[in-house]
Amino acid sequence: MSVQERGGGWKGHTFRNKVASLHCPLSSPSHSSPRMASIIGVSSIYQAPTLELYQRPNTASAPSVRFQCLDAKSQSQSHFNSLLRAHRNTTGPGLKPTHTFVPSAVATPNSSLLSEEAFQGLARDLDQTHDDNDFSHVDPDELDISKLDLPSRLVETLHSRGITHLFPIQRAVLVPALQGRDIIARAKTGTGKTLAFGIPLIKGLTEDEHAPSHRRSGRLPRVLVLAPTRELAKQVEKEIKESAPYLNTVCVYGGVSYVTQQSALSRGVDVVVGTPGRIIDLINGNSLKLSEVQYLVLDEADQMLAVGFEEDVEVILENLPSQRQSMLFSATMPGWVKKLARKYLDNPLTIDLVGDEEEKLAEGIKLYAIAATATSKRTILSDLVTVYAKGGKTIVFTQTKRDADEVSLALTNSIMSEALHGDISQHQRERTLNGFRQGKFTVLVATDVAARGLDIPNVDLIIHYELPNDPETFVHRSGRTGRAGKQGTAILLYTSSQRRTVRSLERDVGCKFEFTSPPAMGEVLESSAEQVVATLNGVHPESVQFFTPTAQKLIDEQGTSALAAALAQLSGFSRPPSSRSLITHEQGWITLQLTRDSDNRKYFSARSVTGFLSDVYSAAADEVGKIHLIADERVQGAVFDLPEEIAKELLNRDIPPGNTISKITKLPPLQDDGPPSDFYGRFSDRDRSNRRGSSSRGGFSSRGGSSRDRRGFKSSRGWDGEDSDDDDFGDRSRRGGRNFKTGNSWSRAAGKSSGDDWLIGGRRSSRPSSSDRGGFGGACFNCGESGHRASDCPNTSNRRGFF
Ligand SMILES: Nc1ncnc2c1ncn2[C@@H]1O[C@H](COP(=O)(O)OP(=O)(O)OP(=O)(O)O)[C@@H](O)[C@H]1O
C-alpha cells in the first residue's frame, strides 16, 4: 500500500496490488465540479466509487478528495479506510464534506471501473500512471462465489451446476446491483449476462423470503424480466429456476394457451419472465399485476426494438412502480434504447465490457471464410460439418425459412438435422431445441431468430450459410459457439462477389477470417473415419464378443483391408467418392489447370481458354464449366471445370507446345471478382424468390417502420419477401406490433442479389453455346480475337508453327 504525494496533491494509491488512483490536485477553485476529482481507475469492483469532495476550512482552493470504498469484505474496507485516514493526515485535519457525488461508472474490459468523468479526463490527465492501471491480476477470492456473502442456498445450487466463480460481467454488476443502482450493461456473447442480473436479484429475493408476505400463496411478482423472444424468455426462466429452485419463477410468452400461465400466476409468484406481448395481454386480462415489482430487467433491449416491441415495452414500464431497481442489457445502444434509459432508469451505472474493443466476438471463436456458390454451398455443407464439427453440434444459419427447411432436408440424407424458424409451432420449436440440446440430432438449421440469446451448451460449429444482415447479427450468430469460455468455430460462406463485404465485416466486427477452401475429399474421408472410430468406443463389450470370431476370420483372410472396408461402410463411403469440381464442388466434374509459358506475352483471358479447348478438343470447349484466371502476375493461366469423362479425354490429347494442362487437387489463388451481377443463369436472390412464387414486393419493405443502420442503409429485408424470418418468436406479429427489420440492406450491399461467381463459357450460361450459334464463342488462342478458332486464325503472321 502506498500513498504518493506529488506537487501538493496525491496521484494514486496502490491497494493490495491493485490501484485506486485518485487524480489530484484539484486546481480549480470551483470544487463543485465533478471534473475536479476524477477516479481514474479502481481495480476491485468491490470498491464501488462514491466520491466526496472535501473543503479545507478557511480556504477557497485545493479541496481534498475522499474516496469511499464500499466493499463486500469488511477487511478490505477497513484497509482502505486506513489508507484514506493516512491521506487525510497528510492533507490536514478538519476537512468537511461539501459535495458528494456518485459518478456514473464504466467498467472496462479488464473489469476495472472508471467513472465517465474519468474516461473524459483520462486523455487529459493520464500521464505517468500507466503502470497503475494494470488490472490484469484479480484476486481469485473476489470471484469465488462462496466468499461473496451470497445466500448459502444460492451458492449450493450454483455449485451443483458447476458454477463456482463469477464471470467478469457478473463480477462487474454484482456490487452496484446489490447497492440498488440502476444499471446499463453490455458484454460479449456467452459471457454469462443472465446470471449477472440473476445473482443479485436472487440474493435480494432470498433475503426477503422469510417475510410472511413473500411466502403467501397468490403473492405478486417482485421481479419482472422482459425478453424479446420466447426462447430467450424460457432460457432466462431456466437459468433462474436452476439457480434458485426455491423461488417461484413463471415464464409467460405467446403461442401457447393462457390458462396454464394464468393459473401459475394466481398461485403466487416471485419472478415473472416473459415477452412483452403476452405480458400486456395478461395485464389487460387482470391475471398479472405489477404493483409489487421491485426489480425490472430488460434483456436484449435493442432486440426489442428490432422485433417491434418498443411500444409494448414502454406500456409495461409505465405500469411499474416508480420505486424499483432497473437493469438494462443491450448489445447496442440505438436511440430508442437510450431514450428508454433516460426516461425509465435512475442515474444508471454503465458497465461496458465490450467498449471500443475492436474484437466484438468472444475469445476462442476461430473464424473461417470459404468462397462458394449457391449450388456448391449445399454440396459442401455436410463436408464442413464432418470436418469442422467432428461429430459435435452445429448450427447453420440461413436467411429464409424456406432455405432453413430445404437445407435441413438436404442434409438429412447424410447427417441428422432439424430446422428451426418462426413458422414452426411453439411446441415443435421446444421439442427441436430440446432434441438438439440433448444431442438427439447434431445439426440445427435456423433462421436468425435463433441467433440471439439462445444458450445451447457445446455448440462446436456455426455456419453462416448466407451472409448475415449486419455485423451485429454476425456477432450474435457466431456467439452461439465459444460460450462460457469454451472454444468454437464459425465459418462464413460467401460468393466471390461478396468478398468485399466480407472484408467490411472484418473491419466492423474487428475480427480476422482465415480464408480457406472447402475441405478436400481426403480430409472429409479422414474426419469421417475418425468419427466412426470414436463411435466404436460406444459399442457394448457383449456385442463385441458376438462379432469377434467373424472379425478374427476376416483379419486372417484379408488383413487390415477387412477393417478398412468396415470403416468405409460405416462412414457412408461404400462406393468411392465421385470426382468433384474444386470450383463449384459439384459431383462428376474435374478441375483442370492450364498455364501458358511466361515468355508468351499474348493477352491471356478466359476466352483464351475456350479458344485453346476448341483447338485441342472441341467437345471440351462446348462442355467447359467455370473458368477462373489465376491471380499471379507471373503465371498466365486459368483453372476450369470439365465433366469427368471429357477431362480424362482432354488430358490424353496432344496440346500446343508452351502450354501445360493438369488435373489439380487444390485451387491456386484466383483473380478477384468479376462483375457483381450474375447473368449466367444462377438465380439471383430476387429471381429465386420469384421462382418460388413469392409475391415480389417490388422493392424493399419495412412493414410499419423504417430505420437506418449505421451505414445509412434503409432497414428492410428486401428480397426475402414473406419468406424471411423476421421473428415470430415473440408475440409481436400476432399483436400487430410494429415490425422494424434491420439491415438486409447490408447484405444487399454485400452483393446478395448478385450471387454467383464470374462464369465465362459456362455450361449454365444463358448465352447460346458455340454449338447453338453454330459459331465459335471463345477467343482465338493464337491472336486473342474472338469469333474464330486458332486453326482458322486469319492473322497468319501471328500464327504459331504448331497450327
Ligand atoms: N460463472 C459461471 N461459471 C460457469 N458457467 C457460467 C457462469 N455464468 C454463466 N455460465 C454459463 O455460461 C453460459 C452462457 O451464459 P448466458 O446465456 O447468460 O450468456 P449471455 O452473455 O447472456 O450470452 P448471449 O449474449 O449470447 O445471450 C450458460 O450456459 C451459463 O449457465
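Please read all numbers here as calculations on a predicted model, not as lab measurements. Along the sequence shown, residues are numbered consecutively beginning with 1.
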Q.
Can a side-chain donor-acceptor contact be found between Asp383 and Thr386 if the only test is distance below 3.5 angstrom?
A. no

Q: For Asp448 and His476, test the side chains for any donor-to-acceptor distance below 3.5 angstrom and give the result as yes or no.
A: no

Q.
Within the structure provided, determine whether Thr481 and Thr489 are in side-chain contact (heavy-atom separation under 4.5 Å).
A. no

Q | Thr473 side chain vs Pro468 backbone, donor-acceptor pair below 3.5 Å | A | no

(Q) Can you tell me how far apart CG (Leu461) and OH (Tyr368) are? Round to the nearest 0.5 Å. (A) 10.0 Å

Q | Distance in Å, Asp615 CG paired with Arg653 CZ, rounded so as to fall on 0.5 Å steps | A | 12.0 Å

Q: Flag the pair Ile655 / Phe612 as yes when at least one side-chain heavy-atom distance between them is below 4.5 Å, and no otherwise.
A: yes

Q) Is there a donor-acceptor contact under 3.5 Å from the side chain of Ser414 to the main chain of Leu411? A) yes

(Q) If the condition is ring pair (Phe, Tyr, Trp, His ring centres under 6.0 Å), which residues does Tyr465 pass it with, not counting sequence neighbours? (A) none

Q: Taking side-chain contact (heavy atoms from CB on, under 4.5 Å) as the test, write out the residues that go with Ser543, two or more places apart.
A: Val539, His540

Q: List the steps, then state whether side chain to side chain contact (heavy atoms under 4.5 Å, CB included) holds for Gln593 with Ile630.
A: CA-CA 9 Å; Gln593 178 171 300; Ile630 295 172; 3.8 Å; yes

Q: Report the C-alpha separation of Leu667 and Val639 in whole Å, then their side-chain angles, then the decisive distance to 0.1 Å, and conclude whether the side chain to side chain contact (heavy atoms under 4.5 Å, CB included) test is met.
A: CA-CA 8 Å; Leu667 285 179; Val639 296; 4.1 Å; yes

Q.
Is the shortest side-chain heavy-atom distance between Asp460 and Lys390 below 4.5 Å?
A. no

Q: Please step through side-chain hydrogen bond (donor to acceptor under 3.5 Å, both in side chains) for the pair His421 and Thr400, ending with a clear verdict.
A: CA-CA 9 Å; His421 56 67; Thr400 68; over 6 Å; no

Q) Does the gap between the ring centers of Phe474 and Tyr494 come in under 6.0 Å? A) no

Q. Looking at CG of Leu381 and NE2 of His585, how far apart are the two atoms once the value is rounded to the nearest 0.5 Å?
A. 12.0 Å

**Q.** Main-chain N/O of Thr495 paired with Arg499 side-chain donor or acceptor, under 3.5 Å
**A.** no

Q | Glu526, CD: over 12 other non-hydrogen atoms inside 6.0 angstrom | A | no

Q) Can you tell if the side chain of Val385 reaches within under 4.5 Å of the side chain of Ile463, non-hydrogen atoms only? A) yes

Q.
Using 0.5 Å steps for rounding, measure from the CD atom of Glu557 to the CD atom of Gln552.
A. 10.5 Å

(Q) Keeping Asn659 on the side-chain end and Arg596 on the backbone end, is there a donor-acceptor pair under 3.5 Å? (A) no

Q. Between Ala606 and Leu629, which heavy-atom pair has the shortest distance, and what is it?
A. N-CD2, 3.8 Å

Q) Got a sec, which residues hit side-chain contact (heavy atoms from CB on, under 4.5 Å) with Thr412, two or more places apart in sequence or on another chain? A) Ser408, Ser417

**Q.** Shortest non-hydrogen separation from Ile395 to Arg480 and the atoms involved
**A.** CD1-CB, 4.0 Å

Q. Within the distance-only criterion (no hydrogens, no angle test), does the side chain of Ser571 pair as donor or acceptor with the backbone N or O of Phe573 below 3.5 angstrom?
A. no

Q: Identify the heavy atoms of Leu592 and Ala647 that sit nearest to each other, and give their distance.
A: CD1-CB, 4.1 Å

**Q.** pair Ile370-Leu384: side-chain heavy atoms closer than 4.5 Å
**A.** yes

Q: Start with the C-alpha gap between Ile415 and Thr394, add the side-chain angles, then the distance that decides, and say whether side chain to side chain contact (heavy atoms under 4.5 Å, CB included) holds.
A: CA-CA 11 Å; Ile415 300 171; Thr394 301; over 6 Å; no

Q | NZ/Lys553: more than 12 non-hydrogen atoms of other groups inside 6.0 Å | A | no

Q. With side chains defined as the heavy atoms from C-beta onward, is the minimum distance between Glu466 and Val407 less than 4.5 Å?
A. no

Q.
Once rounded to the nearest 0.5 Å, what's the spacing between atom NZ of Lys626 and atom OG of Ser581?
A. 9.0 Å

(Q) Can you tell me if Phe547 has over 12 outside heavy atoms packed within less than 6.0 Å of its CZ? (A) no

Q. Should Asp403 and Lys377 be marked as a salt bridge (charged side-chain N to carboxylate O under 4.0 Å, His left out) after you check the CA-CA gap, both sets of side-chain angles, and the distance that decides it?
A. CA-CA 12 Å; Asp403 272 352; Lys377 279 180 191 176; over 6 Å; no

Q.
Is there a side chain to side chain contact (heavy atoms under 4.5 Å, CB included) between Glu418 and Phe436? Walk through the geometry before answering.
A. CA-CA 8 Å; Glu418 296 268 351; Phe436 188 55; over 6 Å; no

Q. How long is the gap from CD1 on Ile365 to NZ on Lys486, to the nearest 0.5 Å?
A. 12.5 Å

Q. If you look at every heavy atom in Gly392 and Thr442, which pair is closest and at what distance?
A. O-CB, 3.7 Å

**Q.** Worked verdict on Lys366 versus Glu514 for salt bridge (charged side-chain N to carboxylate O under 4.0 Å, His left out)
**A.** CA-CA 8 Å; Lys366 174 96 187 98; Glu514 184 177 327; 3.0 Å; yes

Q: Check the side chains of Gln531 and Ser527 for a donor-acceptor pair under 3.5 angstrom, ignoring hydrogens and angles.
A: no

Q. Is there side-chain contact between Leu563 and Ile555, with heavy atoms separated by less than 4.5 Å?
A. no

Q) Got more than 12 heavy atoms from elsewhere within 6.0 Å of NZ, Lys663? A) no

Q | Contact check, side chains of Ile590 and Leu642, non-hydrogen atoms, under 4.5 Å | A | no

